[in-house]
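Structure, as C-alpha cells:
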Amino acid sequence: MDYNFTDIEARWRKRWADEKVYAVKEDATRPKYYVLSMFPYPSGAGLHVGHPLGYIAADIYARYKRNRGYNVLQPMGYDAYGLPAEQYAIQTGQHPAVTTEQNIARYREQLDLIGFSFDWSREVRTCAPRYYKWTQWAFQRMFNSFYCYNCGKAQPIDKLAARIAQKGTAGLNVAQTQPLDVTPQQWADMTERERQEVLMNYRLAYLGETMVNWCAGLGTVLANDEVVDGVSVRGGFPVEQKKMKQWCLRISAYAQRLLDGLDTIDWSDSIKETQRNWIGRSEGAEVTFKVAGRDESFVIFTTRADTIFGVTFMVLAPESELVQTLTTPEQKAAVDAYLEEVKHRTELDRMAGKKVTGVFTGSYAVNPFTGDEIPVWVSDYVLAGYGTGAIMAVPAHDSRDYAFARKFGLPVVPLIEGADVTEESFEAKEGIVTNSPAEGKQSLDGFSLNGLSVKEAIAATKRFVEEKGLGRVKVNFRLRDAIFSRQRYWGEPFPVYYKDGMPYMIPEACLPLTLPEVDKFLPTETGEPPLGNAAKWAWDTAANTVVENARIDNATVFPLELSTMPGFAGSSAYYLRYMDPHDDDALVSPQADQYWQAVDLYVGGSEHATGHLIYSRFWNKFLHDLGVSCIEEPFAKLVNQGMIQGRSNFVYRIKGTNRFVSLGLKDKYDVTPIHVDISLVGGGDVLDTEAFRQWRPEYADAEFELEDGKYVCGWAVEKMSKSMFNVSNPDNVIAKYGADTLRLYEMFLGPITQSKPWDQNGIDGCFRFLRRAWNLFFDKQGNLAVTDDAPTKEALKSIHKLTKKVTEDMEEMSYNTSVAAFMICVSELAAQKCRSREVLERLVVLLSPFAPFVTCELWQLLGHKEIVFDAPWPTWDEACLKEDTVTLGVSFNGKTRFTIDVAADATPDEVQATALAHEAAPRYMEGKQLVKVIVVPRRIVNIVLK
RNA sequence: GCGCCUGUGGCGAAAUUGGUAUACGCGCCAGACUUAGGAUCUGGUGAAGCGAUUCGUGCAGGUUCGAGUCCUGUCAGGCGCACCA
C-alpha cells in the first residue's frame, strides 16, 4: 500500500474534529500540564512556514505529555485587535471586525491543516466582548488600587483614602507619581474633585500628564517598546516627545518584584538579561545641594557618591522645573533660547547628533562636603525622566561629564590614584581614592575617603550622607510606567466616563462596555480619537447605559473616554482566560485557576521580551495580589523559537533596458537586482524564464542572457515577507508532501531556538523517511505484514535505543536530533526486515507526537480501537542496549592509532592487555617507557608513554 | 560604550557534557532498475598523499594522558540596552 498522505490526513482531520479528541476538562485524578504558544495576530497575509515552527514544537511536547499520562491543556486563540486591520479599514472602509473575522477563518483553516492538538472549544479572541469584559474589569481594578511598599502588594484605593483622612500623606510608603503633602485637615476641606486629584497620584491605573511618544503618522501615542530608533515599529513613522494626558499603568511599582521574579523562572539567560536591562535597577544616593546665596536647594541622584570631591559643575535637564527657579535674570535670555532649541530637536537628532550643548544658568550650588561653589548648567544630555532630572558632574570619572567639561572649559579633578584624565575620563570602578579631599582642603567634619578602594568609598559616602542628613540611599529604576491610551478605534474601549473633568468607572455590573459603531475610522475634525465619531457614546448614570452624545448634560449623562487600550491589554491575561473561557462571572474561576495554576511551557518569539512578556508578568502579579491568579509568575518555562527567514531570489536587469543577465554575467554590466518570486525559480536557482515573462506585464517581452543555457538567479537570506516574494506557504508544502512531513522537517531544520533560512530542498529527506517508515508495515503486495513473532535482539536494541534518545531529547526539545534518531532506527529495522508487532507498535507511539496523522492510521491498521495519543509512552530497557563486545580506540599519548574489540564487561586490566598485545602496539611503544594506561569506560584506552 | 549569545565539511547541523570530530539530512560522485527521470534503490563523499600517515572545529596561547567542549587573550557575526549619572 502506498503512503497516501492526502487521504490519511483528510480522514483523520475530520475524525479528530468530529470526536473532539483534543477537548480537555479539569480532572483531579491526573496531573495537569499547560502548554501555550503565543497567540497570533491574524494578519491578512495568512501563515507562512515560519509561523508554525513554535506551534509545532509546543504541540510535540503537549502530545508527548499526554502520552505520559498528563491532562494537557493546549489552547489557541487570536490577538485580534491591532493596527493593520484599522489601517486597512481607513483605506478601504471595510470594518476591522469584518476583515479580522475573515483573517481568523483563514488562519484556522491553515492551522487545522497542520494537525495541532489545540482544544478549540477554549478559543479566545481579544476583540470579543465576552473576552474584553475582563480586560476592562482588570483595568478598573487597577484604577481602584494603589501599591503599598510596606505590605509589598496592591491594595484597595479606599484604604488609602481612609488613611489620608485619618493621618494625611505623612509617612506613606506607597508608589506615587510625586510626593504630596496633605494633612487630614486639608483632606477634610477638599472638594470631591480635589480628593480625586490626590488619589490619582496613587492609583495603579492613572491619568497622567506625561511626556509621551507621539506618532503623528499613526495618530496615536506609543509605548517605549513600540518605538525603535526614533520611529514606530509598525509603519516606521517618526515619533516625537509630547506632553499629553494619558492613561498609564503604574508598572514601575512592581519593578523590584519583576526583577526578583526572574530568578524563579526557567527562561533563557538572554531574555532575562534583556528584562533586567529594561527594568534597569541602580543603587545609589540622593544628595541635596544648596543654592549659593539663596534659600533654595535641589536633589541629585548618583551611583558614584564616592566622587563627590570631584564635582566641578551641576547639570539640569532642560525639561526640569528647576531650570526656571535657578536661572538668573542675566542668563534668562540665553537659557530660554537654549530651551527653545532643544524643544525643536527631535529624538532622532538628539541621538544621532550627539553634539555637546548646554548653557549656564547663572546660579551656583554648594558642595555639602567641601562648601565649594560650583556652577549649575542646563544640558540635554541629562534626562528629565530619570532620577531627579539633575546631576552632579564629575568629569574625571564620567565620559559625558568629561565631554561637557572639555567643551565649556570646566575643571577636571581626578580622584583615583594613577588615573590619567588628560585624554579621556577614567570610568572603571576600581583603584584607590585620592584627592578626597585634596591636600590642605577642609571637608565637612573632616570626612575623608583617601586610601579607600572605590567600592569602600561608595559605601562610606552613602553612610555619611544618611548620618548627616545630606540625602538618602536610593534605588532607581529605568522602567517607566506603561502608557495605556491609544488614539485608535480598533481596541478595547475604556469603561470610563468624565464628570467635572475627572474620570469615573462605569459600574462593574455594566461590563463589558462594547465598542460603538463609527462611520469613519479617522480622527474627528477637532482632532479627537476615532471614537469621537460615534453617535452613541455617552454614559447615562441614571439608567446605566450608553446613550446618544446629544444627551450629554453633565448632570446624569456624561461623555465617555475616547481613547482605546493598546495591543498589550488584551494579551496580558489571556492564558488565565483559557483556563475558564466561558465564565461570565469571573476572569477565571478559583477552581479552574487552582487546577491549571500557570503556564508550564510557553513558546513564542523573543521579540516580545520588553513588551508582552513584561506587561503580562506585571498584570499577573497584580491579579495575584487580588487573589485571582494563584501563582505569581505566569510562565514557568519559556522557549523562544528562532525566526524562519526567507531565501530570496534576484534577477539582474541591465539598467535602462528590459534585458536580464544570469548571475555569473552580471558583473559585466551595470545592473539592478530585482526580487523575483521564488515560485518561478527551480533547483539550482534556475529561473523559469517563460513563467517570469508571464509573471508581470512589464516583463512580458523580457530578454535573457543565459549561461550554459540557463538563467541562474542570485539569492540572499532575508526576512520572510510578501514584498520580497520569498514567502513559502505551508498549504503548498502540505499539498505536496503532507502535514506530517512539514512538521518533521520544520523540527529537523535545526534547534528550535535558532533562526534559520527556509530551504525547501531538504524536505525530500523527511518525506522519504516517512515513506520508509510506512513501508515497514507492508509487504511487496501492499498487505499489512506485521507478525506476532518475538522480536530479534537487534530489533529490540534499535527500538530501545530510539526510545531512550527520543525520551531524553523531549525535555530539551532537541527535536532535530530525535528526527535523526528516527531515521537511523527505521533504516536499521528495514535492513533487519523487522516485522515484529512489539517493535513496530513502539515505533508508532514514539513517532506520534511528531507525525500524528500517519501514526493514527498505522495504529488503527494495527487493530487498535483507541487513538494513539492515549497510548502509554514506551520505556526502554538499558539491558537491551548493552553490547556484547565494544570497540575501543587505542591512543598513545593522546593520538588514536588503532582500535580493538573487547568484551563489554572486560576489566581494565584485560583491556590493557588486549591493547598491548595488538600487533601494531610495538611500533608506538618503541624506545619509550610506559607510564600508565587510562581506560575510559566504553570509549578509549589511552597509553601514556615517556 | 556595557551586557548576552554564536563561530565545526559545499549547505542545515550532530558530538553520550573532557574521551574514535563531522551522526542525520541536503547537495555532489558512482552504480542498479529504466524509453525516460527533478522517480526509486545501493554504495561513496573533511583536506593532502599511491601509501603507511599527516593536517583539520574563527585565530593565538594555556590546563590535561586526552580539548569542538574548560581557562586567558583576540577577531568576526547576531541580539539587547544605551547620554540611565
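Lettering of chains follows the sequences in order, A, B, ..., and the numbering in each one begins at 1. All of these numbers come straight from a predicted model, not from anything done at the bench.
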Is the phosphate of rA85(B) approached by S282(A) (side-chain N or O, under 4.0 Å from OP1 or OP2)? yes

Any R478(A) side-chain nitrogen or oxygen under 4.0 Å from OP1 or OP2 of rA85(B): no

Taking NZ, NE, NH1 and NH2 as the nitrogens, is one of them in K804(A) or E878(A) under 4.0 Å from a carboxylate oxygen of the other? yes

Remember a base hit wins even if backbone is also touched, and classify R480(A) as base, sugar-phosphate or nothing at under 4.0 Å, heavy atoms. nothing

Tell me: CD of E746(A) to C1' of rA13(B), nearest whole Å? 16 Å

Using atom C1' of each nucleotide, how far apart are rG18(B) and rA39(B) to the nearest Å? 47 Å

Can you name the nearest heavy-atom pair linking M314(A) to A365(A), along with the distance? CG-CB, 3.9 Å

Taking only the C1' atom of each, what is the distance from rC26(B) to rA13(B) in whole angstrom? 11 Å

Side-chain N,O (Y386(A)) to OP1/OP2 (rA85(B)) below 4.0 Å: yes

Does E828(A) have any side chain to side chain contact (heavy atoms under 4.5 Å, CB included) partners at least two apart in sequence or in another chain, and if so, which? S798(A), K801(A), I824(A), Q832(A)

Pull out every protein N or O sitting under 3.5 Å from an N or O of nucleotides 15-17 of chain B, one pair per line with the distance.
residue : atom : partner : partner atom : Å
rU16(B) : N3   : R939(A) : NE           : 3.0
rU16(B) : N3   : R939(A) : NH2          : 2.7
rU16(B) : O4   : R939(A) : NE           : 2.4
rU16(B) : O4   : R939(A) : NH1          : 2.8
rU16(B) : O4   : R939(A) : NH2          : 2.6

Within the structure shown, what part of the strands sits under 4.0 Å from L749(A) by heavy-atom distance: base, sugar-phosphate, or nothing? sugar-phosphate

Could you tell me how the ring of W774(A) sits relative to the ring of Y3(A): parallel (under 30°), tilted (30 to 60°) or perpendicular (over 60°)? tilted

Going by the rule side chain to side chain contact (heavy atoms under 4.5 Å, CB included), which residues pair with F822(A) if we only count those two or more places apart in sequence or in a different chain? F769(A), L802(A), V806(A), L843(A), L846(A), L847(A), F850(A)

Would you mind reading off the distance between K272(A) atom NZ and rC79(B) atom C1', rounded to a whole angstrom? 18 Å

Applying side chain to side chain contact (heavy atoms under 4.5 Å, CB included), can you list everything that pairs with H608(A), at least two apart in sequence or on another chain? M38(A), H612(A), L613(A)

Answer with yes or no whether the side chains of N726(A) and S648(A) bring together a donor and an acceptor at under 3.5 Å. yes

Give the nucleotide from the list rC83(B), rC24(B), rA13(B) with an atom nearest to the side chain of P751(A). rA13(B)

On a whole-Å scale, what distance lies between the P atoms belonging to rA52(B) and rU8(B)? 29 Å

Closest-nucleotide ordering on RNA chain B, the 5'-leading residue of F892(A) and G280(A): F892(A)

Write down the distance between CD1 (I934(A)) and P (rG18(B)), rounded to a whole number of angstrom. 16 Å

With the 90 degree cut-off around zero defining syn, does rG9(B) come out syn or anti? syn

If we count only N and O atoms by modelled type, under 3.5 Å, do the side chains of D2(A) and N4(A) hold a donor and an acceptor together? no

Considering non-hydrogen atoms only, spot the tightest contact between L945(A) and V931(A) and give its length. C-CG2, 3.9 Å

Is D877(A) paired with K882(A) through a side-chain N to carboxylate O contact shorter than 4.0 Å? no

Which whole number of Å gives the distance between the C1' atom of rC2(B) and that of rA85(B)? 15 Å

Please classify the nucleic acid contact of T302(A) as base, sugar-phosphate, or nothing, using heavy-atom distances under 4.0 Å. sugar-phosphate

Quantified in whole Å, what is the P atom distance between nucleotide rG80(B) and nucleotide rA47(B)? 38 Å

Side-chain H-bond candidate by donor/acceptor type, E286(A) with T388(A), under 3.5 Å: no

Which whole number of Å gives the distance between the P atom of rA82(B) and that of rU17(B)? 41 Å

Ignoring hydrogens and angles, state whether a donor on the side chain of N476(A) or S282(A) is under 3.5 Å from an acceptor on the partner side chain. no

Rounded to the nearest 0.5 Å, how far apart are CZ of F748(A) and OG of S818(A)? 11.5 Å

Nearest-nucleotide 5' precedence on RNA chain B, K932(A) against Y745(A): Y745(A)

State, yes or no, whether a side-chain contact exists between W758(A) and M720(A) at a heavy-atom distance under 4.5 Å. yes

Taking Watson-Crick (N1-N3 plus N6-O4 or O6-N4) and G-U wobble (N1-O2, O6-N3), each under 3.5 Å, can you produce the dot-bracket string of RNA chain B? Use [ ] for crossing pairs and | for inter-strand ones. (((((((..(((......[....)))((((((.......))))))(((....)))..(((((..]....))))))))))))....

Quick one: label D401(A) by what it contacts on the DNA or RNA (base, sugar-phosphate, nothing), any heavy atom closer than 4.0 Å. nothing

Separation of rA14(B) C1' from Y815(A) OH (nearest whole Å): 18 Å

Write down the distance separating the P atoms in rU16(B) and rC11(B), rounded off to the nearest Å. 23 Å

Does a side-chain N-to-carboxylate-O contact under 4.0 Å join K805(A) and D809(A)? yes

Whole Å only: how far is the CD atom of Q760(A) from the P atom of rC11(B)? 21 Å

Quick one: I271(A) CD1 to rG78(B) C1', roughly how many Å, whole number? 14 Å

Side chain of I391(A) only, heavy atoms from C-beta on: which candidate in rA85(B), rC83(B), rG12(B) is closest? rA85(B)

I940(A) has its side chain closest, among rG19(B), rC24(B), rA85(B), to rG19(B)

Between rA39(B) atom P and R772(A) atom CZ, what is the distance in whole Å? 14 Å

Could you work out the separation of rG49(B) and rG37(B) based on their C1' atoms and round it to a whole Å? 38 Å

Quick check on rU17(B): syn or anti? Syn means the glycosidic torsion is within 90 degrees of zero. syn

Check the interface with nucleotides 3-7 of chain B: list each N/O to N/O pair with the protein under 3.5 Å, or write none.
residue : atom : partner : partner atom : Å
rG3(B)  : O2'  : E273(A) : OE2          : 3.4

Contact class for I824(A) (heavy atom, under 4.0 Å): base, sugar-phosphate, or nothing? sugar-phosphate

Could you check how far CE of M823(A) sits from C1' of rA13(B), rounded to whole Å? 12 Å

Just call it for G762(A): base, sugar-phosphate, or nothing, with non-hydrogen atoms closer than 4.0 Å on any strand. sugar-phosphate

Using a 4.0 Å heavy-atom cut-off across all strands, classify P757(A) as base, sugar-phosphate, or nothing. nothing

Look at the side-chain N and O atoms of R276(A) and state whether any lies under 4.0 Å from the OP1 or OP2 oxygen of rG80(B). no

Of rU40(B), rC81(B), rA85(B), the nucleotide closest to the side chain of R768(A) is rU40(B)

